[in-house]
Amino acid sequence: MSDRPRGFGGWSAARRAVSSGLRFTSLRLRLVVVFGLVALTAAVSASGIAYWLNREAVLTRAQDAALDDFEREMQSHAGTLPVHPTEGQLAYAARQMGDDGERFSVLLIAEGKNGETVQGSSGKSALDDFTLRDVPESLRKAVTKKQELSSGNKNEYHLYWQRVIDGDTPYLVGGAKVIGGGPTGYMLKSLEPEAKDLNSLAWSLGIATGLALIGSALLAQAAATTVLKPVQRLGVAARRLGEGKLDTRLRVSGTDELADLSRTFNRAAESLEKQVADMSARDEASRRFVADMSHELRTPLTAITAVTEVLEEELDAETGSVDPMIEPAVRLVVSETRRLNDLVENLMEVTRFDAGTARLVLDDVDIADQITACIDARAWLDAVDLDAERGIMARVDPRRLDVILANLIGNALKHGGSPVTVSVREDADDLLIEVQDNGPGIPEDVLPHVFDRFYKASASRPRSEGSGLGLSIALENAHIHGGEITAANSPKGGAVFALRLPRHTSPLATEDQPKATEGSGG
Amino acid sequence: MGQNVPVPSLLLIEDDDAIRTALELSLTRQGHRVATAASGEDGLKLLREQRPDLIVLDVMLPGIDGFEVCRRIRRTDQLPIILLTARNDDIDVVVGLESGADDYVVKPVQGRVLDARIRAVLRRGEREANDAATFGSLVIDRAAMTVTKNGDDLQLTPTELRLLLELSRRPGQALSRQQLLRLVWEHDYLGDSRLVDACVQRLRAKVEDVPSSPTLIRTVRGVGYRLDTPQ
């Protein structure tokens, strides 16, 4: 029954721990993702722009050079050709122009003597032959188109170029017509070296982007750590504070938001500690007040007790010296003084337990003998059935055991009525003493409070003779032995108080016991 | 107690007027002659003048406290001392017994209880047998109620003497603390076993050659004490 809330608390605590772990991870993850995205965007846009600028620059330089060469060669070679050249003349000129195809391939086209089209290519073999098919249609049209002459345009024909891709290789195709009825020339230049350069540039940029991504991930980790470490410290400190270690403080460094949070935490912990200290000081003060008060009450009580006894003897003496009118008054004073004595004695006992100054004085005791003595000393022999074998020994404080027994049996007699049964059993290393009465039992709503101080079952109940501290003191006396008392109702009717005591109470709790070693020699 | 026993004279040292007056009243009614003192100093002075049979001593006294009064008395006298203490389970009792007190009662004390303790303590000095026993160098003369060690008289309080007598009556036999409490202190039930332990310590200090490794009064673990004849 009592295990359930503890189990539940443990479970929810475990769940909290797991969820907080997840939250930490996801914050870390989010930081890494955001850093990564920023780095990726920056790297990709930077390298993209750099790549395109570079590509344009490289290609433009290469093609400008090639086209300038081509134009010059056209003027110096194609321009000197006859109006109707032969194929051989054209091919020779084309080879001359293209440095035998070292710089670029050249195709020259002219009109033969008979009006046919004559071609001359710089290609050495038929395979790498540069033919008119390789020249895009649009380029051919543009090259052979006669331009209108104007103030802005002094030439009939212009040099045109176009980039084409054949397979994976980019090519530059250019064409021009010799002004004044010369042949039309076309050039084809492979841009593969440039493309290779640009490729390696793209690779480098890609690798740089990758490195930037890795760097950003590492940076994100570091940033997450710098943020999460203080958060984690804060979490640990909050948990310690929750466990009651109120002196927990965080070291505050820096002026950032986390430092602010740490400062706030420290202030909260400080005020909490102060409040708890104030509360326990008040508690301590009120306890000391009760202790001092009962102590102060004792001095006049000692004097009154000594004198009431004189009064009592006077009453009991058969001389009749007391006025019959006064006698009830004297008897009342005597009996109430006794009650006041018990109350003060019990209060002192309770304050000793509260202050932790109660001590055990242990002795080896025959339990059956002790119970018999306890019953006998209070003239309860007729009202109590003892079910105990002699010879069950236990190491206990005999006075405290007597207090427990007297309270339990006295309570059973008062509320349950005789016969009260006391049984003693051994249970492993424990001693089990059960006190069962024959009464109506304890109401369920009262059961949890039977050991409370000054607890009255109901206002309608007659004021009991006890101090209201008896069962509470019995329980404290069991606790100081490391034992326990439980109250329950027997299925057969009547209340059962079960006292469980360890048979060998730890000797650490005792003092001034004779040394154990010296007896072994005899 | 026969009728011809002289009325015991007590010295009551108690600082509180009300308690002193009430206890004086009560003890006088029980048949004692009571002299009173309000402080330790006055008590010690009265002790020298009146030579009472027994002292009832409050622990909490202004000036020199009860423990110190007890120690000073024990330097010269072995007369019985009963302490009046406020608490029964704290250090007061232990210190009081170590200072040499024979018994203690807890306030608020009933006159009858105090009277019973007083009479029990006084009975310890009464002679019972007329023989002597020897344990090593220790000679217990039950006729003269004296104990000598190597021929020197030992100064024992009546309680210490009674404890030694009870042990010597059953040499070699272990007596439990509760048995000793009944025999020596006449505590019927639930006596304080610390009384026995403290008295044994004091007795050992007087009769043993080396009190820390006793050869006469031996501890029997889990039982109590016994008196041995040294080998």
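Throughout, a chain's letter reflects where its sequence line sits, starting with A, and its residues are numbered from 1.
- For residues 421-430 of chain A, the side-chain hydrogen bond (donor to acceptor under 3.5 Å, both in side chains) pairs, not counting sequence neighbours, are A:Glu426-A:Arg503, A:Asp427-A:Arg500, A:Asp430-A:Arg500.
- Atom-to-atom distance recorded for B:Ile19:CD1 and A:Thr302:OG1 is 4.0 Å, nearest 0.5 angstrom.
- What you find for B:Ser26 and A:Ala306 is that their closest heavy atoms are CB-O, 3.9 Å.
- Of all non-hydrogen atoms in A:Thr305 and B:Val109, the two that sit nearest each other are CG2-O, 3.9 Å.
- With sequence neighbours excluded, the residues that form a side-chain contact (heavy atoms from CB on, under 4.5 Å) with B:Thr134 are B:Val139.
- No donor-acceptor distance shorter than 3.5 angstrom exists from the side chain of A:Glu309 to the backbone of B:Gln110, with no hydrogens or angles considered.
- When heavy atoms are compared at a cutoff of 4.5 Å, A:Ala373 approaches chain B by way of both its backbone and its side chain.
- Remark: A:Asp363 CG to B:Asp197 CG distance equals 8.0 Å, nearest 0.5 Å.
- Taking CG from A:Asp397 and OG from B:Ser193, the interatomic distance works out to 8.0 Å, rounded to the nearest 0.5 Å.
- Top candidate by heavy-atom pairs under 4.5 Å with chain B, chosen from A:Val307, A:Val365, A:Val344, A:Val310, is A:Val310.
- Contacts between B:Arg20 and chain A at a heavy-atom distance below 4.5 Å are absent for every atom of the residue.
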- [ ] Decide side-chain contact (heavy atoms from CB on, under 4.5 Å) for A:Gln370 and B:Gln178; before the verdict, give the C-alpha distance in whole Å, the side-chain angles of both, and the deciding distance to 0.1 Å.
- [x] CA-CA 11 Å; A:Gln370 164 123 33; B:Gln178 292 297 327; over 6 Å; no
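- Of the atoms belonging to B:Gln30, it is side-chain heavy atoms, and not backbone ones, that fall under 4.5 Å from chain A.
- In terms of modelled atom types and a separation under 3.5 Å, the side chain of A:Arg298 and the main chain of B:Lys107 share a donor-acceptor contact.
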